[in-house]
K.L.:
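I'd like to ask some things about the structure below.
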Amino acid sequence: IQELHMTPKPIHLTRLLLSRNQLKELPEELCDLDKLQILDVSHNLLTKLPARVFWNMPRLRGIDASFNRLQAVPERIDNCHLERLNLHGNRLRELPVAFLMRATMLKALNLSSNLLTGLPPIGPAHEIYHMEELALTNNALTEQCFSTIAGFKKLKILHVAMNHIRQLPVRCIHELENLQELTVSRNLLTQLPIASLAKLAKLERIMAHSNQITQLGDLRKIRRLTKLDVSCNDLTTIDHVTIIVTALHGLDLSANPNLDLAAGLPTALRGLPRAVIEETPNAEDYLSSVGQHVDYQGLPNHSMWTHGSAEATGNKTRHCAGQVKVQSFRNGRDGLYGVFNGGQNAPIPNFLRQNMASIV
């Protein structure tokens, strides 16, 4: 579909699904559909949204305009009851100044894969109490964005991977008391403020692979931590005592080429459902001490294999993902790599990880 005409107006329409077409614009009369609840125009060629889409559409709860060519969003926002907005994969460089202050009912906002360099301020008098999920991955944001993020008091999931963040501002982190998942992978971090993160009583998952982190603090302070990915960093040593977290189910330490694993680490990891360790001089000893649940990478440290598994986090309480990495495949001419996410079903990724090489 390249053009959309609405004559006569479908005044009783509640869902309009137009994804994966070739629409370049939407008619303004779409905003007159008082009963519209869901609008999906993802994967089109849109360069703008109707001017009144955030204005007096009382029943509209969700908009998916991801993977278009949007360069801006409408300025006017009034009587907006929108709860979910997905603008992933567009060309947005900034948001309207009043956007976050007026779209107060938003629970989930996805702005990943745009060109954002900052977020509009919301001010101390405009704390956003409904936002629970915020995705800002793959932009050009710095740590200054946290001055705005700190106003999202109910935030549970925050993804700010693939930006230019050098540090996590302690004062702002303290404000996110409901945070459960933090993804800061592929930034410029040299440390994680463990003492500050420990004050977030509900924090369960931290994905921080592909940074420049050299040391880990005492993880025992983050009592509900279930998943930690610090692969592809510059870790040198780890005190095995400080990583014994009762709730921990998954730990990824792979692709830290200078990591000197403490002698007691295998015992500390015993029984951990998912642990990934990069090859070390005493790798065989680690395998025999840790047990069958640890994935032995057994590969040279090469950029081809330096990655993290944070993008396949699986179930909230259990990390059901598996990786296969075969450096020399098919007479040494190819390599084989895959990540398998089984959701709540652990046997599926485990089976694929063990058998994919022979299947292929």
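Since we're looking at a predicted model, the values are computed, not measured. Index from 1, following the sequence.
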K.L.:
For Asn258 and Thr236, indicate whether the former's side chain and the latter's backbone hold a donor-acceptor pair under 3.5 Å.
P.N.:
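Looks like no, no N/O pair under 3.5 Å.
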
K.L.:
Would you say the side chain of Asp234 lies within less than 4.5 Å of the side chain of Ile213, judging by non-hydrogen atoms?
P.N.:
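Heavy-atom side-chain distance check fails, nothing below 4.5 Å.
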
K.L.:
Just verifying a value: how many Å separate Leu197 CG and Leu168 CG, rounded to the nearest 0.5 Å?
P.N.:
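The distance works out to 6.5 Å.
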
K.L.:
Between Asp32 and Lys9, is there a salt bridge with N-O shorter than 4.0 Å?
P.N.:
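Yes.
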
K.L.:
Any idea which heavy atoms bring Pro74 and Phe54 closest together, and the distance?
P.N.:
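For Pro74 and Phe54, the tightest heavy-atom pair comes out as CD-CE1, 3.6 Å.
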
K.L.:
Each residue besides Trp55 in its hydrophobic cluster should be listed here, by chain and number; the cluster joins Ile, Leu, Val, Met, Phe, Trp and Tyr at side-chain heavy-atom distances under 4.5 Å.
P.N.:
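ILVMFWY cluster around Trp55 holds nothing else.
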
K.L.:
For Ile206, run the side-chain contact (heavy atoms from CB on, under 4.5 Å) check against Leu228, Thr183, Leu219 and tell me which one passes.
P.N.:
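Only match with Ile206 under side-chain contact (heavy atoms from CB on, under 4.5 Å): Leu228.
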
K.L.:
Do Ile1 and Leu45 belong together in a cluster built from hydrophobic side chains that touch within less than 4.5 Å?
P.N.:
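They do not share one cluster, since no chain of ILVMFWY contacts under 4.5 Å joins Ile1 to Leu45.
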
K.L.:
Mark yes or no for whether Asn79, through its side chain, and Asn56, through its backbone, hold a donor-acceptor pair below 3.5 Å.
P.N.:
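No, the answer is negative, given that no donor and acceptor are paired below the 3.5 Å cut-off.
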
K.L.:
Any salt bridge linking Glu133 with Arg84? Criterion: basic side-chain nitrogen under 4.0 Å from a carboxylate oxygen.
P.N.:
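Looking at Glu133 and Arg84, the cut-off is met.
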
K.L.:
With a cut-off of 6.0 Å (strictly less than), are more than 12 heavy atoms of other residues, nucleotides or ligands near CD of Gln167?
P.N.:
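Counting neighbours around CD of Gln167, more than 12 heavy atoms of other residues, nucleotides or ligands fall under 6.0 Å, so yes.
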
K.L.:
Please answer whether the main-chain N or O of Asp229 pairs with a side-chain N or O of Asp252 as donor and acceptor at a distance below 3.5 Å.
P.N.:
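No; zero donor-acceptor contacts below 3.5 Å.
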
K.L.:
I'd like to check Lys227 versus Met207 (side-chain heavy atoms, cut-off strictly below 4.5 Å). Are they in contact?
P.N.:
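They are in side-chain contact.
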
K.L.:
Does the side-chain hydrogen bond (donor to acceptor under 3.5 Å, both in side chains) test come out yes or no for His5 and Glu3, once each step is laid out?
P.N.:
CA-CA 7 Å; His5 301 282; Glu3 295 183 8; 3.1 Å; yes

K.L.:
Under 4.5 Å between side-chain heavy atoms, hopping through other hydrophobics if needed: is there a path connecting Leu155 to Met101?
P.N.:
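Linked, Leu155 and Met101 end up in one cluster.
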
K.L.:
Work out which heavy atom in Arg223 is nearest to a heavy atom in Ala247; give both atom names and the distance.
P.N.:
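Closest pair (atom of Arg223, atom of Ala247, distance): O-CB, 3.8 Å.
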
K.L.:
Just by distance, do the side chain of Asn44 and the backbone of Lys24 share a donor-acceptor pair under 3.5 Å?
P.N.:
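No: the side chain of Asn44 does not pair with the backbone of Lys24.
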
K.L.:
Return yes if some donor-acceptor pair links the side-chain N/O of Asn90 with the main-chain N/O of Thr47 below 3.5 Å, else return no.
P.N.:
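Pair absent, no side-chain N/O of Asn90 close to backbone of Thr47.
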
K.L.:
Does the pair Asn21 and Gln2 meet the rule for a side-chain contact (heavy atoms from CB on, under 4.5 Å), with working shown?
P.N.:
CA-CA 7 Å; Asn21 282 290; Gln2 297 180 342; over 6 Å; no

K.L.:
So His88 and Phe67, would you call those rings parallel, tilted or perpendicular, with 30° and 60° as cut-offs?
P.N.:
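It falls in the tilted class, 30° to 60°.
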
K.L.:
Walk me through it: do Glu25 and Lys48 pass the test salt bridge (Lys or Arg N to Asp or Glu O under 4.0 Å)?
P.N.:
CA-CA 7 Å; Glu25 62 180 359; Lys48 63 178 182 178; 5.1 Å; no

K.L.:
If you compare all heavy atoms of Asn178 against all heavy atoms of Lys153, which two are closest, and at what distance to 0.1 Å?
P.N.:
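Minimum heavy-atom separation between Asn178 and Lys153: ND2-O, 2.9 Å.
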
K.L.:
Between Ile157 and Leu85, is there a shared hydrophobic cluster once you connect ILVMFWY residues whose side-chain heavy atoms come closer than 4.5 Å?
P.N.:
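In one cluster with Ile157: Leu85, no.
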
K.L.:
As an exercise, state the distance from OG of Ser231 to CG of Leu251, rounded to the nearest 0.5 Å.
P.N.:
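The distance works out to 10.0 Å.
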
K.L.:
Which pair of non-hydrogen atoms, one from Cys31 and one from Val53, has the smallest distance, and what is that distance?
P.N.:
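That closest heavy-atom pairing would be SG-N, 3.5 Å.
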
K.L.:
Please say yes or no: joined through hydrophobic side-chain contacts below 4.5 Å, possibly via intermediate residues, are Leu16 and Leu23 part of one cluster?
P.N.:
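Yes.
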
K.L.:
Drop me the distance from Arg166's CZ to Asn187's CG, to the nearest 0.5 angstrom.
P.N.:
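That separation rounds to 10.0 Å.
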
K.L.:
Within a strict 4.5 Å, meaning less than it, do heavy atoms of the Leu87 and Leu70 side chains meet?
P.N.:
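They are in contact (side-chain heavy atoms under 4.5 Å apart), so the answer is yes.
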
K.L.:
Roughly how far, to the nearest 0.5 Å, is SG of Cys172 from CG of Leu176?
P.N.:
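Going from CG on Leu176 over to SG on Cys172, the span is 8.0 Å.
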
K.L.:
Is the count of non-hydrogen atoms from other residues, nucleotides or ligands lying under 6.0 Å from Gln212 atom CD greater than 12?
P.N.:
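For Gln212, atom CD is crowded (more than 12 foreign heavy atoms under 6.0 Å).
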
K.L.:
Checking Arg186 side chain against Asn211 main chain: does a donor-acceptor pair fall under 3.5 Å?
P.N.:
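No, the answer is negative, given that no donor and acceptor are paired below the 3.5 Å cut-off.
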
K.L.:
Find the distance between CG (Asp40) and OG (Ser19) and round it off to the nearest 0.5 Å.
P.N.:
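So the gap between those two atoms works out to 4.5 Å.
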
K.L.:
Does Thr226 use its side chain to pair, donor to acceptor, with the backbone of His249 at less than 3.5 Å?
P.N.:
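It does not hold such a pair.
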
K.L.:
Starting from Leu92, can I reach Leu134 by hopping between I/L/V/M/F/W/Y residues whose side chains sit under 4.5 Å apart?
P.N.:
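Yes, because Leu134 and Leu92 connect within a single hydrophobic cluster, where side-chain heavy atoms sit under 4.5 Å apart.
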
K.L.:
So, do Met6 and Leu30 sit near enough that their side-chain heavy atoms are less than 4.5 Å apart?
P.N.:
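In short, these two side chains touch, coming nearer than 4.5 Å.
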
K.L.:
The test is side-chain contact (heavy atoms from CB on, under 4.5 Å); show your working for Leu106 and Phe99 and say whether it passes.
P.N.:
CA-CA 11 Å; Leu106 276 176; Phe99 182 81; 4.3 Å; yes

K.L.:
For residues Val41 and Asp64, determine if any side-chain heavy atom of one lies less than 4.5 Å from a side-chain heavy atom of the other.
P.N.:
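Side chain of Val41 against side chain of Asp64, heavy atoms only: no contact under 4.5 Å found.
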
K.L.:
Would you check if the side chain of Asn114 reaches a backbone N or O of Gln71 as a donor-acceptor pair within less than 3.5 Å?
P.N.:
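Flag not set: sc Asn114 to bb Gln71 has no pair under 3.5 Å.
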
K.L.:
Between Lys156 and Glu181, is any pair of side-chain heavy atoms under 4.5 Å apart?
P.N.:
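Counting from C-beta outward, Lys156 and Glu181 never come under 4.5 Å.
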
K.L.:
Using the rule given for side-chain contact (heavy atoms from CB on, under 4.5 Å), can you reason through Ile149 versus Leu119, listing the C-alpha separation, both sets of side-chain angles and the distance that settles it, and then say yes or no?
P.N.:
CA-CA 9 Å; Ile149 295 172; Leu119 298 176; 4.1 Å; yes

K.L.:
Counting distance only, does the side-chain N/O of Asn68 pair as donor-acceptor with the main-chain N or O of Leu46 below 3.5 Å?
P.N.:
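Looks like yes, one N/O pair under 3.5 Å.
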
K.L.:
Other residues, nucleotides and ligands only: do more than 12 of their heavy atoms fall within 6.0 Å of CD on Gln37?
P.N.:
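Counting neighbours around CD of Gln37, more than 12 heavy atoms of other residues, nucleotides or ligands fall under 6.0 Å, so yes.
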
K.L.:
Quick one: closest heavy-atom pair of Asp218 and Ile194, and the distance?
P.N.:
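Answer, listing the atom of Asp218 first, then Ile194: O-CG2, 3.3 Å.
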
K.L.:
Supply the atom-to-atom distance Leu188 CG to Ser210 OG, rounded to the nearest 0.5 angstrom.
P.N.:
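So the CG of Leu188 and the OG of Ser210 are separated by 11.5 Å.
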
K.L.:
For His81 and Arg61, run side-chain contact (heavy atoms from CB on, under 4.5 Å): C-alpha distance rounded to whole Å, both residues' side-chain angles, the deciding distance at 0.1 Å, then the answer.
P.N.:
CA-CA 6 Å; His81 297 272; Arg61 294 294 184 268; 3.3 Å; yes

K.L.:
Given side chains that start at C-beta, do those of Leu259 and Ile238 come closer than 4.5 Å, heavy atoms only?
P.N.:
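A side-chain contact under 4.5 Å exists here.
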
K.L.:
Who else is in the cluster with Leu17 when I, L, V, M, F, W and Y are joined by side-chain contacts under 4.5 Å?
P.N.:
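When side chains under 4.5 Å apart are linked, the cluster holding Leu17 also contains Ile38.
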
K.L.:
Under 4.5 Å between any side-chain heavy atoms of Phe146 and Leu158, yes or no?
P.N.:
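Phe146 reaches Leu158 side chain to side chain.
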
K.L.:
Are the side chain of Asn233 and the backbone N or O of Asn256 linked by a donor-acceptor pair below 3.5 Å?
P.N.:
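Between the backbone of Asn256 and the side chain of Asn233 there is no qualifying donor-acceptor contact (under 3.5 Å).
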
K.L.:
For a quick test of reading the model, state the closest non-hydrogen atom pair linking Ile77 to Arg102 and the distance between them.
P.N.:
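That closest heavy-atom pairing would be O-CD, 3.0 Å.
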
K.L.:
Between Glu132 and Lys107, is there a salt bridge with N-O shorter than 4.0 Å?
P.N.:
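Salt bridge between Lys107 and Glu132, a charged N being under 4.0 Å from a carboxylate O: no.
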
